[in-house]
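Keep in mind that this is a model prediction, so the values were computed, not measured. Letters go in sequence order (proteins before strands), and every chain restarts at 1.
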There are 2 protein chains.
Amino acid sequence: MSQAAVSLVLGDKWRGRVSETTAERVREAARRLDYRPNLAARNLRLGRTRTVLLVVPALTTEFFAGVYTGAARVAADHGFGVVLYPSPEGIGPARDPFASARAALDGVLASSMAADALTAIRGDQLPLVMLDSDPHGSLGAATVNLDIADGTRQVADHLLALGHRHFLHVAADIPSWTFDVRARELATRLRAVPGTTLRTAGTPMTIEGALAAAETALDTPGPRPTAVVCDDDKLAAGVYKALRRRGLRVPDDVSVTGVDDIALATALDPELTTIRLDAERFGEHGMHALLAVLDGRTPDQGDIPVELVVRGSTAAPSPF
Amino acid sequence: MSQAAVSLVLGDKWRGRVSETTAERVREAARRLDYRPNLAARNLRLGRTRTVLLVVPALTTEFFAGVYTGAARVAADHGFGVVLYPSPEGIGPARDPFASARAALDGVLASSMAADALTAIRGDQLPLVMLDSDPHGSLGAATVNLDIADGTRQVADHLLALGHRHFLHVAADIPSWTFDVRARELATRLRAVPGTTLRTAGTPMTIEGALAAAETALDTPGPRPTAVVCDDDKLAAGVYKALRRRGLRVPDDVSVTGVDDIALATALDPELTTIRLDAERFGEHGMHALLAVLDGRTPDQGDIPVELVVRGSTAAPSPF
DNA sequence: ACGGTCTAGTTATACGTAAAACCTGACGTA
DNA sequence: TACGTCAGGTTTTACGTATAACTAGACCGT
């Protein structure tokens, strides 16, 4: 029972090389000694770590927590580990937590919303898969996309069908493909209907930010919006507060929609009509794509469908 | 310029062993070649990985995301990495993602709310620090605690001072020291005032769960609670919905309090009176303690203070 | 002049694994 | 009998690092 035999058996490559008898002896001994192969040694020998990096803009988001969960599950199923690039506050040349650890990664799965962090990471040429980036990718990386364009169309159509003509888009102030697509898709969809107006208010992705942005937008002269389309459920919560302060009721006076369908959406009163994004599935698809790339295969194409969930925050506009 | 010299210089242990001239030559070469020391080899040689495991019940919580952020920041400052134990759904003997990776950890930082996961992990004797566990720890591990007992007292006193006498405790259905302490502290504090009643409703930590639990509790005969103390902001959101369904207004008819002070607390209408827990600080303290243990030092003692944030969800009970 | 000390290096080794290369005895076949 | 084949092992090597052990001069005091 040499070390080599042990390695073969435990590595599950012993068929035809080791007898069933010895294999069992090895397994028994391993069990008895609670033996665990040393990962560092294995990584050194193989030159791979079976660890990938997940780059997200901030973890303090239910959405990205879901992405992590999905990605980590798939990774674990394939014997991979997932390590997180910490929230962007801590990023900078001076204190890049992956300054050295980068050398210990097999690949990177990155959200397009963390482009700044990406440039910091993208010194070396690690296999990269983008979550929600330009399909005609400037980075030359594979991408996995939520079909957010479709979701935006669904929202627009839903509101138009209810009779809305005057819109406010509370938009995330983050340079990212996703948000560009939403703005563009919303604008084109509305332009197709004569007599519609569209106002846009940019804001950081916080409740307070959306509150302030919405208040300013509501105070702007011109036809008052009867429908507010938000880039995210959290922003919608801010909009609710702004409307409340102006004495406007949801949905009687103003309809509101969000994106994500996180717990907050049903905590609001009335419950929020929103585009449900399946964050875990997103993470799973992303990880599958990355594993495919690492494996030399071509990752599956095709956008992940999204779904409009109609709740109490949207209704026909009041006739005045 | 031997390999040893390089190792010494890059490892910053060259004083008195290598001349400044050679040291600079090494640094220059490393820069030019974009050389990064191989982590696997270093880990193998040193028998340490500078990686610790953070065990949390679920990442889909703003609170634990904050804990991670704080812990990861401190870890990074000390050249350590943090890896997460995935959400508990995936846990089980059959598919423990750390089955082998465990051997590659230097220590564990674990929330008491993930006790089940802990037993799965706690086969080997890794240095362990508990977040919020029994100070007379049955595990013999160091602990870092939020002073949740004090927070509970503050809430109780606040509501008692407002004149409330009939209470409902919407309690998390998770066996954990934290929640035990809250229940106990609330009960003793209220018992000290004659004429008070306390009802308790257990629930999983979801909005829907709290909604159902609160509805049931409200339908129970007996004096109707005028104050609802929730173990968590998310539960409070469920209580808001239950009260709304019963036609009760917050805070006019019923006062509500939470714990955590996550974004949801200010998204609610009225904004939620809650116990603010500094999640990041919690994570930072925990990581400091763990690093101390790894270093052979004794971790700092002392609970982390919490703060009652009074907002619009609490008021004097209506005189009827 | 010569042993001793100090400086600035180099050489050698071990860490635990995976896998290639090598060994050995049993068996089948001509 | 001689020889090839094969199953079932074992020995050996390389991975890249940290560090202990060693070495070669330079310098110094006596």
Side-chain angles (χ1 to χ4, degrees), chain A residues 1-51 78-81 98-106 124 126 294-296, chain B residues 1-51 78-81 98-106 123-126 294-296:
Chain A
M1 212 161 93
S2 66
Q3 179 263 322
V6 174
S7 176
L8 287 172
V9 172
L10 267 43
D12 203 35
K13 312 203 152 141
W14 55 282
R15 265 155 277 265
R17 309 267 305 122
V18 177
S19 69
E20 175 58 56
T21 323
T22 343
E24 186 46 40
R25 273 210 305 150
V26 168
R27 282 188 289 257
E28 164 54 23
R31 212 172 302 128
R32 194 163 40 79
L33 301 171
D34 193 29
Y35 168 80
R36 307 252 180 69
N38 180 309
L39 274 207
R42 168 179 291 168
N43 290 341
L44 174 58
R45 177 68 232 254
L46 296 179
R48 301 169 320 163
T49 56
R50 293 188 93 76
T51 297
H78 292 76
F80 275 73
F98 286 91
S100 63
R102 237 176 281 167
L105 297 170
D106 282 355
D124 28 30
L126 283 173
L294 291 180
D295 217 32
Chain B
M1 213 161 91
S2 66
Q3 179 263 320
V6 173
S7 175
L8 287 173
V9 173
L10 266 43
D12 203 35
K13 311 202 154 143
W14 55 282
R15 265 155 276 267
R17 308 264 305 121
V18 177
S19 70
E20 174 58 57
T21 323
T22 341
E24 185 47 38
R25 273 209 305 149
V26 168
R27 283 189 288 258
E28 164 54 22
R31 211 172 302 128
R32 194 163 41 78
L33 301 172
D34 191 29
Y35 168 80
R36 306 251 180 70
N38 180 309
L39 275 206
R42 168 178 292 167
N43 290 342
L44 174 58
R45 176 68 231 254
L46 296 179
R48 301 169 318 164
T49 56
R50 294 189 91 76
T51 298
H78 291 76
F80 275 73
F98 286 91
S100 65
R102 236 175 281 167
L105 297 171
D106 282 355
D124 30 30
Q125 286 301 47
L126 282 174
L294 290 180
D295 217 32

Approximate separation, where rounding is to 0.5 Å, of A/L105 CG and A/R48 CZ: 14.0 Å
Protein-nucleotide distance (B/N38, atom CG; C/dC15, atom P), rounded to Å: 18 Å
Verdict with reasoning, A/T22 to A/W14, per side chain to side chain contact (heavy atoms under 4.5 Å, CB included): CA-CA 10 Å; A/T22 343; A/W14 55 282; over 6 Å; no
Distance, rounded to the nearest Å, where B/R45 contributes CZ and C/dT17 contributes P: 16 Å
Position toward the 5' end of DNA chain D (nearest nucleotide), B/Y35 or A/V18: A/V18
A/R50 side chain to A/N43 backbone, donor-acceptor under 3.5 Å: no
Sorted by number, the residues of residues 2-14 of chain A with heavy-atom contact under 4.0 Å to DNA chain C: A/Q3, A/A4, A/S7, A/K13
Residues which pass salt bridge (Lys or Arg N to Asp or Glu O under 4.0 Å) with B/R32, listed by chain and number, not counting sequence neighbours: none
Touch class at under 4.0 angstrom, heavy-atom based, for A/L44 against every strand present: base
Separation between CG of A/L294 and NE2 of A/H78, rounded to the nearest 0.5 Å: 11.0 Å
Partner residues of B/R17 under the side-chain hydrogen bond (donor to acceptor under 3.5 Å, both in side chains) criterion, sequence neighbours left out: none
Rounded distance (nearest 0.5 Å) linking atom OG of A/S7 with atom CZ of A/R42: 8.0 Å
Pair B/E24 + B/R27, salt bridge at N-O below 4.0 Å: yes
Carboxylate-amine/guanidinium proximity below 4.0 Å for B/R31 and B/E28: yes
Range on DNA chain D touched by chain A, heavy atoms, distance below 4.0 Å: D/dG8 to D/dG16
For nucleotides 21-23 of chain C, tabulate all protein N/O to nucleotide N/O atom pairs closer than 3.5 Å, reporting atom names and distance.
| unit_1 | atom_1 | unit_2 | atom_2 | d |
| --- | --- | --- | --- | --- |
| C/dA21 | N6 | A/R17 | NH2 | 3.3 |

Qualifying residues under side-chain contact (heavy atoms from CB on, under 4.5 Å), relative to B/V6, sequence neighbours excluded: B/L10, B/V26
